Amino acid sequence: MQKNIAVIRGDGIGPEIVEQALKVLDKIAEMYGHTFVYDDVDMGGCAIDKWGDPLPQVMLDKCLASDSVLMGSVGGPKWDGVPGPMRPEKGLLRLRAGMGVYSNNRPAKIWPQLASASPLRPSIVEKGIDFIIVRELIGGVYFGKHETEEQDGQLLATDTMSYSESEIERIGRIGFETARKRGKKLCSVEKSNVLDCSRLWKKVMHRLAAEYPDVELSDMLVDNCAMQIVKNPAQFDVIVTENMFGDILSDEASMITGSIGMIPSSSLGATTCGLYEPIHGSAPDIAGMDIANPIGTILSAAMMLRYSFDMAEEADAIERAVSAVLDAGWRTGDIMPSDAEEVAACRKVGCSRMGELIIEQIAK
Ligand code: NAD
């Protein structure tokens with residue numbers, strides 16, 4: 001199968017980590033008989049330097065013409081003084097809006113080899129943490145009316161939240177489809193005891209459930225969900241929720257897994273053309289030193305194979321290789337344990353060596 005991938009290396013550690021993910025994709029292509037064609041896209045600080053614009057239209061067009069977009073990270077102190085609309089992050093917002101990606105999917109998975117990095121008690125971690133949060137990305141209160149006015153001698157601030165049935169339905173379908181490709185359990189998170197938006201959310205989710213009889217749907221109030229994520233994360237397979245709840249819960253969920261360098265993400269819309277990126281930023285403090293952890297980006301590439309290209313076997317091969325490399329004790333600096341006994345069982349490697357180890361493992 002041939003797939004065209006738009007590649008945003010970006011700023012800071014972006015080029016180093018993306019390079020490792022491309023090496024992994026090349027190995028997968030070689031082993032499974034695929035062709036991946038890469039088209040480099042300038043976005044972020046590097047695009048400001050070269051084109052005077054964080055995402056020139058010609059670059060957005062390349063992304064829109066691709067089968068999917070793989071991204072490193074953008075931004076850094078060099079561009080901190082740049083005016084608002086020209087900031088590197090604006091390129092990313094324009095890319096998401098331009099691609100119409102309304103669903104952000106972030107897995108919270110603890111690798112047993114890194115369990116001691118989780119702030120949760122071992123007895124909770126041992127039960128396993130492996131779920132995904134599907135967050136609505138371009139609706140709800142973040143995109144409602146925001147205003148502050150003076151009333152009766154004091155300031156009054158108002159933010160409106162609204163959701164239409166169709167907005168809920170399209171993110172609901174992503175939730176059900178994602179659950180179908182995993183453990184077939186979907187937890188719909190809302191605040192239906194208070195909010196009308198949530199009552200409509202719940203109604204639409206239950207209507208959709210009839211179309212997905214193989215997926216077990218449950219409902220949970222967002223405040224309970226925040227508690228359950230730290231109390232018993234093993235109960236979750238896929239969580240689907242609206243924009244603001246998803247923003248908060250996905251940060252909580254990534255924290256319990258212990259390391260920012262390990263976590264991938266995908267953003268999807270109406271088509272299979274998705275945006276895949278690690279959740280961390282451009283880490284300017286370690287850029288160019290070949291010490292960044294490339295695993296979040298490599299796992300983002302695996303998500304691209306699974307969710308956009310329907311290549312589950314190939315995605316499994318990458319995830320298995322990452323696990324085997326961790327089993328063997330290889331670690332980048334950010335995931336080195338602090339406990340002296342555990343340190344003795346680990347070997348520290350740089351970014352490119354970690355990429356090579358994963359490729360060697362895939363080839364075995
Ligand atoms: P950051 O995620 O870049 O870094 C936070 C800390 O984590 C740093 O100490 C860094 O060295 C470490 N870290 C991050 N990724 C790592 C990796 N793969 N391996 C090892 N260590 C890693 O967050 P920040 O410092 O707040 O932001 C730096 C820049 O990144 C800012 O300009 C910010 O706007 C931008 N940013 C971009 C994105 C994106 O491109 N999607 C996301 C967040 C932040």
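Note that the structure is a prediction, hence the values are computed from the model and not measured. Both counts, for ligands and for their atoms, begin at 1 and track the order of listing.
- Considering only non-hydrogen protein atoms, atom 17 (C) of ligand 1 sits nearest to Asn293 N, 3.7 Å.
- Within ligand 1, the atoms closer than 4.0 Å to a non-hydrogen atom of Ala292 are 19 (N), numbered from 1 in the order shown.
- Salt bridge Asp316/Arg306: present, at least one basic N to carboxylate O contact under 4.0 Å.
- Using a 4.0 Å threshold on non-hydrogen atoms, atom 14 (C) of ligand 1 counts as touching the protein.
- By heavy-atom distance, the residue among Ile260, Val74, Asp80 lying nearest atom 35 (C) of ligand 1 is Val74.
- Atom 9 (O) of ligand 1 has its closest protein heavy atom at Asp285 OD2, 3.1 Å.
- At the top of the distance list for atom 22 (C) of ligand 1, counting protein heavy atoms only, stands Ile286 CD1, 4.1 Å.
- In this structure, of Met43, Glu277, His280, Glu89, the residue bringing a heavy atom nearest to atom 33 (C) of ligand 1 is Glu89.
- Within the 4.0 angstrom cut-off, atom 25 (O) of ligand 1 has no protein heavy-atom neighbours.
- For ligand 1, the polar-atom distance check finds an N/O of Ala283 within less than 3.5 Å of one of the ligand's N/O atoms.
- Close contacts of ligand 1 with Leu92, meaning ligand atoms under 4.0 Å from a residue heavy atom, involve 41 (N).
- Between Arg199 and Glu190 there is no salt bridge, since no side-chain N of the basic residue sits under 4.0 Å from a carboxylate O of the acidic one.
- At a cut-off of 3.5 Å, with distance as the only test, no side-chain donor of Asp152 or Gln154 sits close to an acceptor on the other residue.
- Applying the salt bridge (Lys or Arg N to Asp or Glu O under 4.0 Å) test to residues at least two apart or on different chains, the pairs with a partner in residues 205-234 are Glu165-Arg207, Glu169-Arg207, Arg173-Glu211, Arg180-Asp214, Lys191-Asp223.
- For atom 42 (C) of ligand 1, a protein heavy-atom neighbour is present inside the 4.0 Å cut-off.
- Heavy-atom contacts of Gly75 reach the following atoms of ligand 1: 32 (O) (cutoff under 4.0 Å).
- Ion pairing between Arg96 and Glu277 holds under the 4.0 Å rule for side-chain N and carboxylate O.
- When the shell of 6.0 Å around CD of Gln235 is examined, it contains more than 12 heavy atoms from other residues, nucleotides or ligands.
- The nearest protein atom to atom 30 (O) of ligand 1, hydrogens excluded, is given as Ser282 N, 3.0 Å; this is a heavy-atom distance.
- Counted within 6.0 Å of CD on Glu149, heavy atoms from surrounding residues, nucleotides or ligands total more than 12; the atom is thus considered enclosed.
- Annotation for ligand 1: atoms under 4.0 Å from non-hydrogen atoms of Ser73 are 40 (O).
- In Lys90, the NZ atom is not crowded: 12 or fewer heavy atoms of neighbouring residues, nucleotides or ligands sit closer than 6.0 Å.
- For the residue pair Glu177/Tyr307, the side-chain donor-acceptor check at 3.5 Å is not satisfied.
- Taking any N or O of Gly76, backbone or side chain, at least one lies under 3.5 Å from an N or O belonging to ligand 1.
- Counting only non-hydrogen atoms, the option in Pro77, Pro284, Gly281 that gets closest to atom 28 (C) of ligand 1 is Pro284.
- Summarising the local packing, NZ of Lys203 is surrounded by 12 or fewer heavy atoms from other residues, nucleotides or ligands at distances under 6.0 Å.
- Protein heavy atoms are found less than 4.0 angstrom from atom 19 (N) of ligand 1.
- By the neighbour-count criterion of 12 heavy atoms within 6.0 Å, atom CG of Asp61 is densely surrounded, having more than that number from other residues, nucleotides or ligands.
- Under 4.0 angstrom from ligand 1, the non-hydrogen atoms of Ile13 all belong to its side chain.
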